[in-house]
Engineer: 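Okay, here's the structure, questions in a sec.
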Amino acid sequence: MRKIAALYGGNAHQQRTLYEPKYRRFFAEVIYLPALYRGSLDEFDVLLVPSQLHQGLLARSQPQIWQFLNRGGIVAAFGAQPQPWLPGHNWEFRPTNFWWWLEPNAKSGLVLKRPEHDLFRYITLEDATWHYHGVFWPAAGAEILIEVEDGGAIFYIDKLTTPGTLILTTLDPEFHYGSYFMPATERFLDGFLPWLAEGQL
């Protein structure tokens, strides 16, 4: 099983998610974000980056994160990424439709790009469907797993931009699970974390 470190910024939703026993068992360590710039990620295989972390603190720790990627590490990040602390993601903000599911003939607009990918042995598209806050335009050659019908990636894997692996999704499952709403997010985490620990990346 891969050795995973998870960042923690002090938010209540992160506390609930990262320390929930069924999820905590996947983390070799939970690292307090303000301390990361003084430390090292050398002993880990994967760094999990929750959504809604302080962007200035992430930027301060960019050298540690990029060093981790440059030695072949895996960075998995949730949520909007408006700042360039990770390379090549090309974030585009889009207004969030929180209530799309109440519309007649409701459609999320999300589609599987690579349904044969190993991730989808662990989750379904429905497990990754609630709402999104924007899209990525990843580098050419990245594996887009979930996209929006009118363009842009919701979930992709990039093994080209750095010597490591970037797993980026605009989804924010730990926020909603940790805030006690949005059942799909629990199903997402129930599948995503085992895949991150032992699946074929």
Side-chain angles (χ1 to χ4, degrees), residues 13-14 17 23 46-53 55 58 69 74-162 164-196 199-201:
H13 65 268
Q14 294 166 3
T17 302
Y23 301 142
V46 181
L47 178 67
L48 178 66
V49 182
S51 65
Q52 300 190 24
L53 289 173
Q55 294 295 302
L58 276 174
L69 283 166
I74 300 164
V75 172
F78 292 151
Q81 303 297 339
Q83 303 299 324
W85 66 273
L86 283 174
H89 58 69
N90 299 313
W91 164 256
E92 177 190 323
F93 169 77
R94 292 189 181 178
T96 304
N97 182 357
F98 293 100
W99 307 108
W100 62 268
W101 48 276
L102 295 176
E103 297 171 358
N105 304 311
K107 287 183 66 178
S108 70
L110 303 186
V111 293
L112 292 186
K113 182 75 172 177
R114 297 280 306 276
E116 74 283 2
H117 193 277
D118 187 63
L119 173 66
F120 301 115
R121 295 195 305 113
Y122 293 79
I123 66 168
T124 66
L125 181 60
E126 290 73 24
D127 300 336
T129 302
W130 49 96
H131 57 252
Y132 58 92
H133 301 271
V135 298
F136 297 121
W137 297 96
E143 282 187 290
I144 298 175
L145 304 188
I146 303 174
E147 65 180 2
V148 182
E149 287 177 335
D150 60 355
I154 294 297
F155 191 118
Y156 77 93
I157 301 173
D158 181 352
K159 298 182 179 181
L160 301 174
T161 302
T162 74
T165 299
L166 291 165
I167 302 171
L168 299 187
T169 177
T170 71
L171 300 172
D172 51 0
E174 90 300 336
F175 170 78
H176 291 288
Y177 176 80
S179 301
Y180 295 89
F181 72 104
M182 210 72 73
T185 61
E186 183 171 6
R187 300 195 308 268
F188 181 95
L189 291 168
D190 286 350
F192 177 82
L193 290 176
W195 173 75
L196 192 62
Q200 297 177 25
L201 304 185

Engineer: Please name the pair of heavy atoms, one in Gly199 and one in Tyr122, separated by the smallest distance, quoted to 0.1 Å.
Structural biologist: CA-OH, 3.8 Å

Engineer: Quick one, Phe120 with Leu112, criterion side chain to side chain contact (heavy atoms under 4.5 Å, CB included). Give me CA distance, side-chain angles, the key distance, then yes/no.
Structural biologist: CA-CA 9 Å; Phe120 301 115; Leu112 292 186; 3.4 Å; yes

Engineer: Under 3.5 Å, is there a donor-acceptor pair between the side chain of His13 and the main chain of Gln52?
Structural biologist: no

Engineer: What is the distance from atom OH of Tyr177 to atom CD of Glu186, rounded to the nearest 0.5 Å?
Structural biologist: 5.0 Å

Engineer: Testing the basics here: between Tyr156 and Ala142, what is the closest heavy-atom pair and its distance to 0.1 Å?
Structural biologist: CD1-CB, 3.9 Å

Engineer: Salt bridge or not between Lys113 and Glu143? Use side-chain N to carboxylate O under 4.0 Å.
Structural biologist: no

Engineer: Quick one: are Phe155 and Leu119 in side-chain contact, heavy atoms under 4.5 Å?
Structural biologist: yes

Engineer: State, to 0.1 Å, how close Leu171 and Phe188 come at their nearest heavy-atom pair, and which atoms those are.
Structural biologist: CD1-CE1, 4.1 Å

Engineer: Taking Ile154's backbone N and O only, do any of them form a donor-acceptor pair with Thr169's side chain (distance below 3.5 Å, no angle check)?
Structural biologist: yes

Engineer: Is the shortest heavy-atom distance from the side chain of Leu125 to the side chain of Ser108 under 4.5 Å?
Structural biologist: no

Engineer: May I ask you to test the Val111-Ile146 pair for a side-chain heavy-atom distance under 4.5 Å?
Structural biologist: no

Engineer: So, the side chain of Asp158 versus the backbone of Thr161: is there a donor-acceptor pair under 3.5 Å, distance only?
Structural biologist: yes

Engineer: Look at Asp118 together with Arg121 and state whether they make a salt bridge at an N to O cut-off of under 4.0 Å.
Structural biologist: yes

Engineer: Just wondering, do Tyr23 and Thr17 contact through their side chains at under 4.5 Å, heavy atoms?
Structural biologist: yes

Engineer: Is a side-chain donor or acceptor of Thr162 paired with a backbone partner of Gly164 at a separation under 3.5 angstrom?
Structural biologist: yes

Engineer: Quick check: closest heavy atoms across Asp172 and Ser51, and the distance to 0.1 Å?
Structural biologist: CB-OG, 3.6 Å

Engineer: Any side-chain heavy atom of His131 sitting closer than 4.5 Å to one from His176?
Structural biologist: yes

Engineer: Relative to each other, are the rings of Phe192 and Trp195 parallel, tilted or perpendicular (30° and 60° limits)?
Structural biologist: tilted

Engineer: Start with the C-alpha gap between Lys107 and Thr129, add the side-chain angles, then the distance that decides, and say whether side chain to side chain contact (heavy atoms under 4.5 Å, CB included) holds.
Structural biologist: CA-CA 10 Å; Lys107 287 183 66 178; Thr129 302; over 6 Å; no

Engineer: Can Leu110 and Val148 be said to form a side chain to side chain contact (heavy atoms under 4.5 Å, CB included), step by step?
Structural biologist: CA-CA 5 Å; Leu110 303 186; Val148 182; 4.1 Å; yes

Engineer: Got Leu166 and His89 here, is their nearest side-chain heavy-atom distance under 4.5 Å?
Structural biologist: no

Engineer: Hey, are the side chains of Leu201 and Ile157 touching, using non-hydrogen atoms and a 4.5 Å cut-off?
Structural biologist: no

Engineer: For the residue pair Leu69 and Leu47, establish whether any side-chain heavy-atom pair is separated by less than 4.5 Å.
Structural biologist: no

Engineer: Taking Glu126 for its side chain and Ile123 for its backbone only, find out whether a donor-acceptor pair lies under 3.5 Å.
Structural biologist: no

Engineer: Using every non-hydrogen atom in the two residues, find where Gln55 and Trp85 come nearest and quote the distance to one decimal.
Structural biologist: OE1-CD1, 3.7 Å

Engineer: Considering all heavy atoms of both residues, which atom of Trp137 and which atom of Glu92 are nearest to each other, and what is their separation?
Structural biologist: NE1-OE1, 2.6 Å

Engineer: Leu48 vs Glu174, test: side chain to side chain contact (heavy atoms under 4.5 Å, CB included). Steps then yes/no.
Structural biologist: CA-CA 11 Å; Leu48 178 66; Glu174 90 300 336; over 6 Å; no

Engineer: Flag yes if more than 12 heavy atoms outside Glu116 fall under 6.0 Å of its CD atom; otherwise flag no.
Structural biologist: yes

